[in-house]
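Remember, predicted model here, so these are calculated numbers, not experimental data. Order of listing sets the numbers, starting from 1, for every ligand and every atom in it.
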Amino acid sequence: MPVPFADLQLQYQTIKSEIDGAIAAVIRDNAFIRGPYVDAFERQFAAVAEVKHCVSCANGTDALYLAMAALNVQAGDEVITTAHSWISTSAMITHAGAGVVFADTDDTTFTIDPAAIEAAITPRTVGIIPVHLYGQPADMDAIMAIARKHKLWVIEDCAQAHLARYKTQQIGTFGQAATYSFYPGKNLGAMGDAGAVVTNDGALAEHMTMLARHGGLVKHQHHIEGVNSRLDGMQAAILSAKLPHLPAWTKARQDAAKIYDAGLNQIEDVVVPAVAAGRDHVYHLYTIQHPRRDALAAHLNANGVQTAINYPTALPFLAAYSRLKARPEQFPNAHRAQGRILSLPMFAEITPAQQNEVIDLVRKF
Ligand SMILES: *Cc1c(COP(=O)(O)O)cnc(C)c1O
């Protein structure tokens with residue numbers, strides 16, 4: 001029996017009438033761009049994310065840009081982010097006009113190492129972008145203490161960690177702003193591109209809204225030069241239909257992770273995801289480490305189990321950052337991880353039978 005990496009069709013089948021109804025309503029109401037479905041989703045998501053304001057936008061990449069642009073990032077500024085993430089996190093620093101400064105990850109959670117942040121601070125540093133990678137919160141107490149000490153802003157990249165908590169506080173509520181992606185495969189996914197940036201700061205929310213809407217809140221009144229980054233009505237209605245299911249889907253991912261943990265952690269050479277004390281992992285990805293990762297992946301794929309590598313090259317070592325001339329010894333943990341990480345099938349609807357098949361194949365390997 002093949003085991004897919006994720007199964008979006010299966011999720012759709014479980015809530016087909018709700019999704020179909022949402023799409024039909026948007027078409028009926030001609031509410032394609034902005035309008036009541038977008039407003040409703042922004043209100044609902046702000047409530048779920050436990051923040052005052054949600055500014056929807058076209059995708060999670062734009063969300064990062066909008067947050068930094070609204071925080072008035074300037075040429076000559078430096079922004080520190082993790083060496084281990086999807087490229088949006090660092091690329092948007094550049095597009096917002098600042099310089100990217102990478103910090104290594106800690107050696108167990110794959111999230112940014114606060115000690116590496118401290119070491120990377122210069123007089124030009126203006127902010128920090130931690131990523132709650134794979135669904136596990138970064139070490140927010142330590143990061144916020146550094147930010148306070150050095151008067152830096154913090155934008156949390158929550159693209160992989162909807163609903164995760166750090167010591168009872170929901171992620172996305174620690175820094176000045178936090179960004180979400182609703183890319184179809186994310187824990188809360190649209191049926192196309194979608195994103196949002198959230199904040200408790202009303203002035204910042206207004207600035208981000210203006211930036212996302214051609215620089216104005218009222219048609220033909222452009223106060224600044226903005227961009228066009230919209231969540232469309234159809235995606236908003238789909239997200240509103242899915243949002244009430246998110247807690248149960250999150251719980252299902254966590255239950256599936258327990259099955260993997262129990263089945264895999266006795267197998268020689270396999271390192272299961274480590275969850276730090278006080279952190280609550282929502283398992284966007286279930287990523288193990290193995291010294292012979294490529295051979296293990298080939299074995300699983302040959303037997304019908306889809307896997308992924310998130311990500312095969314740590315950010316500082318991508319061609320896009322050749323200008324930084326990064327050396328492996330500057331980012332030893334991220335560099336070591338890139339050759340060892342392997343993400344196993346993980347989605348809310350995965351069955352114990354599918355998981356046992358994955359576990360058995362890993363054991364045989
Ligand atoms: C998915 C993702 C993004 C970008 O989101 P898009 O909606 O695809 O633009 C940014 N950061 C991280 C960590 C992500 O996983």
Handout entry: ring-ring contact (aromatic ring centres under 6.0 Å, His included) partners for Tyr134, two or more places apart
Key =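 So Tyr134 forms a ring-ring contact (aromatic ring centres under 6.0 Å, His included) with His84, Phe110.
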Could you pull out the N/O contacts under 3.5 angstrom between ligand 1 and the surrounding protein atoms?
from, atom 1, to, atom 2, distance (Å)
ligand 1, 5 (O), Ser181, OG, 3.2
ligand 1, 7 (O), Gly60, N, 2.8
ligand 1, 7 (O), Ser181, OG, 2.7
ligand 1, 9 (O), Gly60, N, 3.3
ligand 1, 9 (O), Thr61, N, 2.9
ligand 1, 9 (O), Thr61, OG1, 2.5
ligand 1, 11 (N), Asp157, OD1, 3.4
ligand 1, 11 (N), Asp157, OD2, 2.8
ligand 1, 15 (O), Gln160, NE2, 2.8
ligand 1, 15 (O), Lys186, NZ, 3.0

Practice task
Return each pair, listed once, that meets salt bridge (Lys or Arg N to Asp or Glu O under 4.0 Å) where at least one residue sits in residues 106-132; pairs must be two or more places apart or across chains.
Solution key: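 Listed once each, the pairs are Glu78-Arg124, Glu118-Lys149.
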Handout entry: salt bridge (Lys or Arg N to Asp or Glu O under 4.0 Å) contacts touching residues 284-305 (sequence neighbours left out)
Key =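 Residue pairs passing salt bridge (Lys or Arg N to Asp or Glu O under 4.0 Å), neighbours aside: none found.
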Handout entry: Whether Ser229 side chain and Ala58 backbone form a donor-acceptor pair below 3.5 Å
Key =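 Yes.
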Handout entry: Glu42 side chain to Ser56 backbone, donor-acceptor under 3.5 Å
Key =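 Pair found, side chain donor or acceptor close to backbone of Ser56.
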Handout entry: Flag for Asp157-Thr89: side-chain donor and acceptor within less than 3.5 Å
Key =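 Indeed, the side chains of Thr89 and Asp157 share at least one donor-acceptor pair under 3.5 Å.
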